[in-house]
Amino acid sequence: MTNAQIAEALEELAVLYQLDGADQYRVLAYTNSARTIKNEGRSVEEMARNGTITELPGVGKTLEEKILALVETGEIPAAAKLKEKIPVGLLEISRIPGLGPKTVRRLHDELDVNGPEDLRAAAEAKKVRELKGLGPKVEEKILTGLDRLDAEPEGPARLRLDEIRPTAEELVEALRAEPSCEKAEIAGSVRRWTETCKDIDLIATSTDPKALAAGIAGHELVAEHGKPSDKGVKLTTHSGIGVDVRIVAPEAFGNLLQHFSGSGAHNAELRERAVAKGLHVSENGIKDDKTGETEMFATEQEVYERLGYQYIVPELRENRGELDAAAEDELPELIERSQIKGDLHCHTTLSDGVASLEEMAAAAEALGYEYLAITDHSESHGFGNHVEPDRLWQRIEEINEFNNEDHGIRLLSGSEVNIHPNGTVDYDDDLLEALDWVIASIHTAFSDEAEKNTSRMITAIENPLVDCIGHPTGRLINQRDPYPLDIERVVAAAAANDTLIEINSNPRRRDLNEVHARLAAEAGVGIVINTDAHRPETLDFIDYGIATARRAWLTADQVKNTGPWWKG
DNA sequence: GCCGTTTTCGGCCCGACTGTTTTCAGTCG
């Protein structure tokens with residue numbers, strides 16, 4: 001059972017307890033542990049089985065028992081029991097915005113609502129407004145919420161970062177261009193470079209807040225907006241992205257930026273720890289119990305310093321140990337884009353790229369790279385994009401010729417070879433040996449069984465002619481789940497065989513993900529950050545790979561392509 | 001349900017907003 005599945009079961013149990021009227025802190029304990037487990041790189045199932053799971057923060061004796069039952073029987077007894085008592089329809093309607101557990105419970109108890117159909121009937125018959133504390137506005141919210149539930153049964157989609165980031169950048173630039181704007185920054189998950197984002201948060205200071213809010217509300221990207229005030233404005237773009245613009249006094253800019261950059265988990269932990277020191281943190285400032293004063297800070301650096309921490313960059317703010325490290329002055333010096341010396345995965349027109357070898361080389365040279373590996377697909381790739389051995393031998397010659405000419409970049413002859421279901425790869429050994437660089441990837445015939453995929457990949461890792469594994473889990477964000485794989489065994493094999501593992505920077509992939517990349521690096525596996533570019537412009541995807549690496553706590557010395565080309 | 005530089009019991013992060021109320025509970029980020 002994957003960590004994600006365990007986390008999902010705990011989240012469901014939290015909602016069930018909530019609807020059952022359990023103490024909020026008990027509910028919180030389940031939600032928190034679900035988040036911890038989702039962020040854990042090691043197999044939580046394994047930790048449950050060998051009795052080490054209580055090492056995880058927030059997981060105690062009771063959760064240990066429940067998780068053990070879950071991995072052994074497929075369900076948590078307490079959850080099964082609650083499901084008998086609580087109609088599943090209530091879980092569904094609790095997803096309607098504005099309807100929390102308390103309200104859902106009252107609708108059930110007082111109006112006999114058991115699911116979306118009952119709720120619609122009650123709202124249409126204007127019964128909801130008869131309940132104390134509820135009124136016509138709530139009824140209206142319920143009906144629009146039910147419509148949305150019908151339209152999007154899976155809930156509102158989170159957008160991939162690359163689908164939302166350009167809009168955030170355009171809007172923050174527009175804010176900065178407003179005459180009354182003093183400072184404007186992107187906050188929220190876009191600033192933390194998460195894989196997906198729900199909306200855009202923008203933070204600003206202004207000499208005339210209301211004018212600034214009104215100004216941005218008139219931007220051409222904006223389809224609808226709320227009422228601009230001196231605190232900001234809420235926008236919706238034509239593409240349906242929600243944007244929250246908040247304006248604050250310059251002296252509290254650091255507090256607000258810190259607050260709205262999140263993550264929620266990081267901030268909750270930060271505040272909890274501050275309370276122990278008699279300090280209360282909010283977007284408005286830091287209140288000191290001793291003096292009763294609220295201190296405001298213009299920069300985030302000062303906020304963290306006041307609380308006793310090193311500055312923590314946004315990418316690390318996920319409550320994955322960054323507060324402990326920052327308290328001890330032990331945060332890693334994270335890798336930066338400027339340290340990348342070359343890209344080791346790209347395609348040309350030889351397979352499915354759209355640019356020539358020369359065009360790709362020129363683009364890489366323009367980025368200041370020392371080397372670029374040309375890694376077109378291999379013999380068995382198909383789709384008309386396969387490369388016959390003879391053609392690849394010829395390509396090696398072309399690359400040699402290129403390197404003999406006067407260019408500011410060195411090309412490496414490579415290939416992205418397919419890993420066959422039995423773990424062997426394309427091309428004979430003499431051809432693989434003639435290449436500078438071999439990436440092996442799985443493109444076909446994923447199995448539903450982790451064991452098959454894992455041993456297939458490990459066979460490739462053990463092949464001495466394979467330098468690196470490409471996009472190791474095959475996932476496409478929001479589109480295709482990773483194929484089942486025992487990452488810990490893959491990582492152990494890679495470490496034992498000195499085989500490198502790629503962070504594929506394509507924002508649709510970001511594979512390895514940040515959790516697995518951290519696990520791999522900690523196990524001593526060398527990482528390379530590549531773009532898998534199929535056109536010159538997408539060599540710029542390296543930013544997303546760098547972001548994943550930073551979110552995985554990686555330093556330059558853990559990433560092989562921060563150094564000069566190392567194979568002679 | 002978890003956990004301990006006040007604690008093995010009694011706490012547990014903060015404020016804005018909304019809709020409903022005349023002072024607040026619930027929800028959300």
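Within every chain, numbering begins at 1; the chains are lettered A, B, ... in the order of the sequence lines, protein sequences first and strands thereafter.
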Taking ring-ring contact (aromatic ring centres under 6.0 Å, His included) as the definition, give me every residue that meets it alongside A:Trp193, ordered by chain and number, with sequence neighbours left out.
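Testing A:Trp193 for ring-ring contact (aromatic ring centres under 6.0 Å, His included), a comparison that skips the adjacent residues, returns A:Tyr544.
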
Which residues, if any, of [range] bring a heavy atom under 4.0 Å of DNA chain B?
| range | result |
| --- | --- |
| residues 251-263 of chain A | none |
| residues 100-132 of chain A | A:Gly100, A:Pro101, A:Lys102, A:Thr103 |
| residues 60-82 of chain A | A:Gly60, A:Lys61, A:Thr62, A:Leu63, A:Lys66 |
| residues 182-190 of chain A | none |
| residues 30-51 of chain A | A:Tyr30 |

Among residues two or more places apart or on two chains, list those pairs meeting ring pair (Phe, Tyr, Trp, His ring centres under 6.0 Å) that have a residue in residues 12-41 of chain A.
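Pairs touching residues 12-41 of chain A that pass the test: A:Tyr17-A:Tyr30.
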
At the 4.0 Å heavy-atom cut-off to chain A, mark where contacts on DNA chain B begin and end, going 5' to 3'.
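The footprint of chain A covers B:dG1 to B:dG29.
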
Extract all donor-acceptor atom pairs below 3.5 Å that involve side chains of residues 241-256 of chain A and protein atoms in other chains or at least two apart in sequence.
from	atom 1	to	atom 2	distance (Å)
A:Asp244	OD2	A:Lys234	NZ	3.3
A:Asp244	OD2	A:Arg246	NH2	2.9
A:Asn255	OD1	A:Phe297	N	2.7

Could you pull out all donor-acceptor pairs under 3.5 Å where a side-chain atom in residues 212-229 of chain A meets a protein atom, sequence neighbours excluded?
from	atom 1	to	atom 2	distance (Å)
A:His219	ND1	A:Leu221	N	3.0
A:Ser229	OG	A:Lys231	N	3.0

With both pairing distances under 3.5 angstrom for Watson-Crick or G-U wobble, and | for a partner in another strand, the correct string for DNA chain B is ((((....)))).((((((....))))))

Enumerate donor-acceptor pairs with a distance under 3.5 Å from any side-chain N or O in residues 78-91 of chain A to protein atoms, sequence neighbours excluded.
from	atom 1	to	atom 2	distance (Å)
A:Lys83	NZ	A:Glu12	OE1	3.1
A:Lys85	NZ	A:Asp20	OD1	3.0

